Structure formats: structure tokens, C-alpha cells
S.K.: 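Encoded as C-alpha cells, here's the structure I'll be asking about.
These numbers were taken from a predicted model, which means no experiment stands behind them.
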Amino acid sequence: MTAYDERASLGAPPARPEPRVGEEPSAGGELITTAERIHRSVEEVIEGKPEVVRLALTVLLAEGHLLIEDVPGVGKTMLAKALARSIDCSVRRIQFTPDLLPSDITGVSIFDQQQRDFEFKPGAIFSQIVIGDEINRASPKTQSALLESMEERQVTMDGQTYELPEPFMVVATQNPVEMEGTYPLPEAQRDRFMARVSIGYPSPAAELQMLDVHGGASPLDDLQPVAHAHDIVKLIDAVRTVHVADTVRRYTVDLVVATRSHPELRLGASPRATLHLLRAAKAAAALQGREYTLPDDVQSLAVPVLAHRLLPTAQAQLNRRTAEQIVLEILQRVPVPEPSAQPWRTPGQRAPGVRGL
């Protein structure tokens with residue numbers, strides 16, 4: 001329990017009681033159970049990285065898109081596949097290459113000689129979870145085909161708009177080390193990703209366990225769906241109802257505004273980043289079984305949500321200052337609201353009697 005949990009619990013109404021034997025479980029408890037099943041399923045494939053799995057699930061429930069950026073061989077594509085296979089929904093994988101065309105992603109209109117009319121053939125983007133492998137190997141023209149889909153969840157072709165299915169999430173991977181034959185993602189593209197995560201190397205114990213689990217066969221072969229697409233839609237609806245106090249809203253805005261005036265940044269975070277940070281904080285609160293957000297939720301997600309959108313100045317790069325370090329400095333500098341200023345919960349709101357992840 002964090003310090004904010006303890007302070008917010010002072011004088012709070014009693015928690016909602018657990019369901020009795022024979023009673024139906026609460027909707028919140030059922031949704032948390034679904035999230036736990038997905039979390040455990042992904043962890044069967046990704047060893048020793050519970051915080052990475054939690055962030056991926058947070059982005060999914062916050063209706064965002066995830067950028068996985070790390071060195072080769074640490075399980076970027078494996079994480080994306082494990083998340084996709086844990087949910088019974090439509091999944092498409094796109095291998096980005098220099099010769100990939102925008103129509104390969106969005107679709108193309110083909111002339112039907114029998115009907116004497118053009119017929120639209122949907123592309124790979126018309127799936128609920130889209131895995132974009134090595135996204136920075138495609139040309140900027142092809143990368144821009146994702147802009148409308150990621151922001152507006154639709155595709156416009158020949159003056160006709162086609163809605164994408166729900167839920168919809170793009171999980172993209174890229175290698176930041178090898179730059180030959182790649183095209184860096186433009187700022188407009190990076191800004192559409194809610195969060196960026198780096199998996200990192202596993203611990204020696206986790207790597208030893210990986211040899212036992214992955215040595216004979218891939219654990220993806222035995223991975224079965226543990227949730228349906230409509231379960232994810234219900235989880236997303238529950239996240240939307242999470243309460244955010246005015247003080248937490250102002251704190252979120254203050255953090256983002258601080259990036260725009262920082263002397264070591266030539267590009268700060270956008271208003272879209274503010275929305276993404278708040279939505280991610282609400283999803284993190286829901287995964288912990290809370291119906292209200294805390295400043296802790298915002299702080300824990302500030303680096304993965306904001307850092308990939310920032311551009312350090314040339315002097316900051318010479319000083320080997322990274323965007324992550326600057327965000328951590330801003331977190332230390334911006335005052336954190338006190339619980340006494342305003343309760344985190346709405347009047348009469350009760351803490352959910354469910355166990356979070």
C-alpha cells in the first residue's frame with residue numbers, strides 16, 4: 001500500500017463486502033478476474049517481467065497503442081504475440097519491410113467485372129489487435145498509413161469511411177540499435193503511441209528458467225485464449241468510469257506543461273500526451289481494484305507515456321541526458337497535491353472490495 005492509499009483511506013467509508021456463498025460476484029470483481037487471467041497467461045511466455053506485462057495490459061484497457069523498443073532477441077514480438085493470443089479476437093501480424101505499400105495495410109479497391117463496380121478489400125489493419133513487427137523498416141509513406149487508424153479508429157478509402165472493430169490496438173516493435181535500412185518514426189507517429197516500453201535483459205534466474213520452458217518448444221504453441229473480445233470491451237467501459245479528482249487532473253496537466261518549458265527539451269509533450277497519461281492512470285487504478293485515481297498512478301506512468309514524445313536539445317544530448325532522466329527530474333520538481341486538499345474519491349464513493357493485480 002502506498003502512502004496515498006493510506007492517507008486516502010483515513011475516514012473512508014467501509015469497503016464493499018465480498019459476495020456471500022450462492023451470490024453472484026460483483027461486476028468489478030469479475031472484470032478484475034479477467035484481467036488477472038490475461039496477466040498470468042502472458043507471464044507464461046514472458047519470464048520475469050511482470051511490470052512490462054502490466055504496462056501492456058494497462059495500455060490495452062486505456063484504449064491506447066504500445067511501442068516496444070529494445071535490442072534484438074529480448075522478446076519484443078513474443079510479448080505482442082502472447083498478449084494477442086491470450087484474447088479470443090482477430091489478430092493480424094504485419095512484417096514491415098522497405099517495399100511494403102500503404103494499401104497492404106489499409107486495403108485496396110479492386111474492380112469487380114461481374115458487378116461492374118469497385119469492391120473494397122480490407123487490409124491487415126482491419127483486426128482487433130495488429131502486430132507491427134520492425135515498424136521502422138517501412139518507408140515514411142507506409143508508416144503514415146497508420147495515422148488515421150491509430151487516432152480515429154477508421155480507414156478512409158476512395159471517399160468511403162470504414163470503422164475498425166473494437167477493441168482495437170496496435171502493438172509495434174522496433175530495434176533502436178541497428179539503423180541501417182530503417183526510417184525513424186516521425187514525431188506525429190510516435191505521439192500516437194500511448195506508451196513505449198523496453199523489455200530489457202532477463203535476470204540470470206529468469207533466463208535459466210527460460211531455458212527450461214522454451215528449450216523444447218515455444219510456449220506460444222500451447223497458449224490458449226483466456227478472455228473474449230467482449231470481455232475487453234467491458235473492461236474498457238469500467239476503466240472509463242474511474243473517478244479522477246480535480247487535483248489529480250491539475251497535477252497531470254502541470255507535469256505535461258513542465259515538459260514544454262524545460263530548457264533541455266526542444267519539443268515537449270502534446271495535449272494528446274495529457275489525455276493518454278490520464279487514461280493510462282485510470283486503467284492502472286482499475287487494475288489495482290480502485291474506482292479512483294491517485295497521484296501515484298500518474299507518477300508511475302509518466303516515463304513510459306511521456307519520454308518517447310520528447311526531443312532533447314543538442315546540448316542535452318552532448319551531456320548524455322536522456323528524455324527519461326528529464327521526466328524523472330520533472331517529477332521531482334512539480335509539487336504533488338496533498339490528499340487534504342481534496343479527496344481522491346467522490347462523496348459517498350466506496351472502495352471496491354476486489355483484489356487488484
Side-chain angles (χ1 to χ4, degrees), residues 42 45-46 49 52-53 55-87 89-102 104-106 123-153 155 164-165 167-179 181-200 220 270 272-273 276 279-280 301 303-310 323:
V42 178
V45 178
I46 305 298
K49 297 293 180 180
V52 175
V53 177
L55 180 60
L57 188 55
T58 300
V59 173
L60 172 64
L61 301 185
E63 303 177 85
H65 309 289
L66 183 64
L67 177 62
I68 308 174
E69 184 178 283
D70 215 325
V71 296
V74 294
K76 301 186 298 294
T77 307
M78 190 77 73
L79 172 61
K81 285 184 175 181
L83 180 63
R85 293 195 182 187
S86 299
I87 304 170
C89 61
S90 57
V91 180
R92 296 291 294 273
R93 182 179 185 271
I94 307 174
Q95 182 64 52
F96 282 79
T97 57
D99 59 347
L100 189 71
L101 298 177
D104 297 329
I105 298 176
T106 58
I125 199 66
F126 284 86
S127 298
Q128 291 167 312
I129 296 183
V130 179
I131 303 173
D133 201 13
E134 299 283 354
I135 188 174
N136 56 336
R137 292 197 178 277
S139 66
K141 177 181 178 181
T142 304
Q143 292 177 10
S144 63
L146 292 170
L147 295 179
E148 181 186 12
S149 304
M150 295 176 65
E151 179 65 20
E152 303 175 41
R153 300 175 185 270
V155 172
L164 295 176
F168 175 71
M169 180 184 186
V170 175
V171 183
T173 69
Q174 70 172 0
N175 176 10
V177 178
E178 184 181 2
M179 291 299 164
T182 62
Y183 303 87
L185 292 180
E187 278 63 45
Q189 182 79 52
R190 298 174 71 89
D191 196 47
R192 280 167 167 78
F193 285 99
M194 176 172 285
R196 180 186 64 182
V197 62
S198 296
I199 298 178
L220 283 173
S270 65
R272 183 189 287 121
H276 284 178
R279 291 174 183 171
L301 292 164
V303 172
V305 173
L306 298 180
H308 67 285
R309 311 168 193 264
L310 308 179

S.K.: Could you measure the distance from the CE atom of Met150 to the CG atom of Leu164? Nearest 0.5 Å is fine.
M.R.: 11.5 Å
S.K.: To check you understand the geometry: which heavy-atom pair defines the closest contact between Ala273 and Val305, and what is its length?
M.R.: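 Shortest heavy-atom contact: O-CG1, 4.2 Å.
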S.K.: Kindly give the heavy-atom pair with the smallest separation between Ile199 and Gly75, and that separation in Å.
M.R.: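 Taking every non-hydrogen atom into account, CD1-O, 3.3 Å.
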S.K.: Hey, are the side chains of Val197 and Val59 touching, using non-hydrogen atoms and a 4.5 Å cut-off?
M.R.: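 A side-chain contact under 4.5 Å is absent here.
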S.K.: Between Arg192 (side chain only) and Leu147 (backbone N and O only), is there a donor and an acceptor less than 3.5 Å apart?
M.R.: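 Here the side-chain-to-backbone pair exists.
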S.K.: If you compare all heavy atoms of Tyr183 against all heavy atoms of Pro140, which two are closest, and at what distance to 0.1 Å?
M.R.: CD2-CD, 3.6 Å
S.K.: Are Leu220 and Met78 close enough that some pair of their side-chain heavy atoms sits under 4.5 Å apart?
M.R.: yes
S.K.: Do side-chain atoms of Arg93 reach the backbone of Ala124 as a donor and acceptor pair under 3.5 angstrom?
M.R.: no
S.K.: Between Thr173 (side chain) and Glu134 (backbone), is there a donor-acceptor pair under 3.5 Å?
M.R.: yes
S.K.: Hey, is the main chain of Asp70 close enough, under 3.5 Å, to the side chain of Ser198 for a donor-acceptor pair?
M.R.: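 Flag not set: sc Ser198 to bb Asp70 has no pair under 3.5 Å.
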S.K.: Are any non-hydrogen side-chain atoms of Arg92 and Phe126 less than 4.5 angstrom apart?
M.R.: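 The answer is no; the side chains never approach within 4.5 Å.
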S.K.: Could you tell me which non-hydrogen atom of Ile68 sits nearest to which non-hydrogen atom of Val171, and how far apart they are?
M.R.: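 Where Ile68 meets Val171 most closely, the heavy atoms are CD1-CG1, 3.7 Å.
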S.K.: Let me confirm one number: the CG-CZ distance from Leu55 to Arg196, rounded to the nearest 0.5 Å.
M.R.: 11.5 Å
S.K.: Quick check: do Lys76 and Val74 have side-chain heavy atoms less than 4.5 Å from each other?
M.R.: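 Yes, their side chains come closer than 4.5 Å.
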S.K.: Taking Gln143 for its side chain and Ala138 for its backbone only, find out whether a donor-acceptor pair lies under 3.5 Å.
M.R.: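 It does hold such a pair.
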S.K.: For Ala323 and Leu310, work out which heavy atoms get closest and say how close.
M.R.: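 Smallest heavy-atom distance, with atoms named: CB-CB, 4.1 Å.
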S.K.: To the nearest 0.5 Å, what is the distance between CZ (Phe96) and CG (Asp133)?
M.R.: 9.0 Å
S.K.: How far does CG of Leu146 sit from CD1 of Ile105, to the nearest 0.5 angstrom?
M.R.: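 Going from the CG atom of Leu146 to the CD1 atom of Ile105 covers 4.5 Å.
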S.K.: Taking the side chain as C-beta and beyond, is there a heavy-atom pair between His65 and Phe168 under 4.5 Å?
M.R.: yes
S.K.: What heavy-atom pair brings Ala145 and Ser149 nearest, and what distance separates the two atoms?
M.R.: O-OG, 3.9 Å
S.K.: Would a 4.5 Å heavy-atom cut-off, applied to side chains only, mark Val52 and Ile46 as touching?
M.R.: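 Heavy-atom side-chain distance check fails, nothing below 4.5 Å.
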S.K.: Using the salt bridge (Lys or Arg N to Asp or Glu O under 4.0 Å) rule, take Arg153 and Glu63 through it: C-alpha gap first, then chi angles, then the decisive distance, then the call.
M.R.: CA-CA 10 Å; Arg153 300 175 185 270; Glu63 303 177 85; 5.1 Å; no
S.K.: At what distance, to the nearest 0.5 angstrom, does CG of Leu61 lie from CZ of Arg279?
M.R.: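 CZ of Arg279 is found 13.5 Å from CG of Leu61.
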S.K.: For the atom pair NZ (Lys81) and CD1 (Ile131), what is the distance rounded to the nearest 0.5 Å?
M.R.: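 Output value for this atom pair is 7.0 Å.
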S.K.: In chain order, what residues pass the side-chain contact (heavy atoms from CB on, under 4.5 Å) check against Gln174, with sequence neighbours excluded?
M.R.: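 Gln174: side-chain contact (heavy atoms from CB on, under 4.5 Å) contacts with Leu67, Glu69, Ile135, Asn136, Leu185, Arg190.
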S.K.: Do Leu66 and Leu83 have side chains that approach each other closer than 4.5 Å (heavy atoms only, starting at C-beta)?
M.R.: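 A side-chain contact under 4.5 Å is absent here.
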